[in-house]
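Only one structure is covered here, and it is reproduced in the block below.
Letters go in sequence order (proteins before strands), and every chain restarts at 1.
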There are 2 protein chains.
Amino acid sequence: MLRVSKLTDYATVILTHIAHQPDELYAASDITQSTGVALPTVSKVLKLLSKANLLISHRGAKGGYELAKKPNETNVAEVIAAIEGPIGMTECTTSESTCEQESSCEIKGNWNLINRAVYTALEAVTLADMVVPVRQQEVNVVMPMNKEMNELKVEN
Amino acid sequence: MLRVSKLTDYATVILTHIAHQPDELYAASDITQSTGVALPTVSKVLKLLSKANLLISHRGAKGGYELAKKPNETNVAEVIAAIEGPIGMTECTTSESTCEQESSCEIKGNWNLINRAVYTALEAVTLADMVVPVRQQEVNVVMPMNKEMNELKVEN
DNA sequence: TTCATATAGTACTAAAATAGTCCTATATGA
DNA sequence: TCATATAGGACTATTTTAGTACTATATGAA
């Protein structure tokens, strides 16, 4: 299945938690308590998010982390990229790889196209959207919804 | 990075190859030669695609595989699901998992929303689109394209 | 009827990616 | 000066993925 890593999942949980009160400073230990994720893991995620400039870190006593931008200015595509690196669904679209099949590969360009579509979808969802419970929100994704999709929608 | 497995990548290459001449029968050995992917691997992919009803298999001498549907009736979401299982970006959206954090997890619904957006994007691209070189095609994805996206577009 | 060919299914091994933990260094406020 | 908190790196165990191999079954043709 197409999926993000557990760490990325934690990252969204943590960022959503922080986004509830964007002006406060959160220490790793605070976040462990409120999310139930183990401290070393929380710590690892926070470091990655800080390195990617999605969080600002403050060292020392009374230190902690805060959002680098407003909740509506950080989107899911950025979060995934912060934890997992550049978003690209195949090897040949993320690295200057030496693909042995390259000469006979006709579809590299098509994967770029698919990547773009997926990226746009991920980019449309921000932390501000994540803070609002799903029932009440209208996410800014302009796409046709088919029957299956609408059935899924009912589940929430 | 968000990505599909190598086998899924092979699957798109193989299906695209077959889609060029949808009425012919292709043996695994034919496909090895034209794609450069190792025979046991090709064989594995073909079996998975057949099991998922994207290909129809014919046993015995002069046997082989053919497309189960017209190229424009098989989309990338189906191909990914055939190889990797149901598309869902987090554990809690694909399985009846016993997530320990569930009680304090506020964003399961939001991930469903993101999944839906990604799924719709993947569903919009069919084998018929993959057969056409990227320069000439117009893919039916109705989404706003931002600056970055358009820059990517130029690359092709 | 026999045989070469081709898929079906399953099991197994090796390699790579991921998750999670731990330790030491550095910064900062009281 | 010390308790607190992040920074950075190294390390291990686990899981996933990739690739291979083997046996069974189906089919067309000589």
Nearest nucleotide by nearest heavy atom, which residue falls closer to the 5' end of DNA chain C, A:K6 or A:K62? A:K6
Residue whose nearest DNA chain C nucleotide is more 5′ - A:A61 or A:T41: A:T41
At less than 4.0 Å, is any side-chain N or O atom of [X] found next to OP1 or OP2 of [N]? Yes or no.
| X | N | value |
| --- | --- | --- |
| A:Y26 | D:dT6 | no |
| A:S43 | D:dT6 | no |
| A:Y10 | C:dT18 | no |
| A:S50 | D:dT6 | no |
| A:S57 | D:dA5 | no |

Expressed in angstrom and rounded to an integer, what is the separation of [X] atom [atom1] from [N] atom [atom2]?
| X | N | atom1 | atom2 | value |
| --- | --- | --- | --- | --- |
| A:L49 | D:dA7 | CG | C1' | 14 Å |
| B:L7 | C:dA17 | CG | P | 14 Å |
| B:I31 | C:dT5 | CD1 | P | 18 Å |
| A:L48 | C:dA19 | CG | C1' | 12 Å |
| A:I56 | C:dA27 | CD1 | P | 19 Å |
| A:K47 | D:dA5 | NZ | P | 15 Å |
| A:Q33 | D:dA5 | CD | P | 11 Å |
| A:I83 | C:dA17 | CD1 | P | 18 Å |

Residue matched to C:dA30 through Watson-Crick or wobble contacts both under 3.5 angstrom: D:dT1
Any donor-acceptor pair under 3.5 Å linking the side-chain atoms of B:H17 with those of B:T35? no
Do we see a donor-acceptor contact under 3.5 Å between the side chains of A:S29 and A:T32? no
Between B:S50 and B:L46 (side chain of the first, backbone of the second, donor and acceptor by atom type, cut-off under 3.5 Å), is there such a pair? no
A:A19 and A:V131: which non-hydrogen atoms are nearest, and at how many Å? CB-CG2, 3.6 Å
Taking B:T12 as the fixed residue, which of B:V45, B:V4, B:V79 is the one that meets the side-chain contact (heavy atoms from CB on, under 4.5 Å) rule? B:V79
Could you check A:R59 against A:K44 and say which one's nearest nucleotide on DNA chain D is further toward the 5' end? A:R59
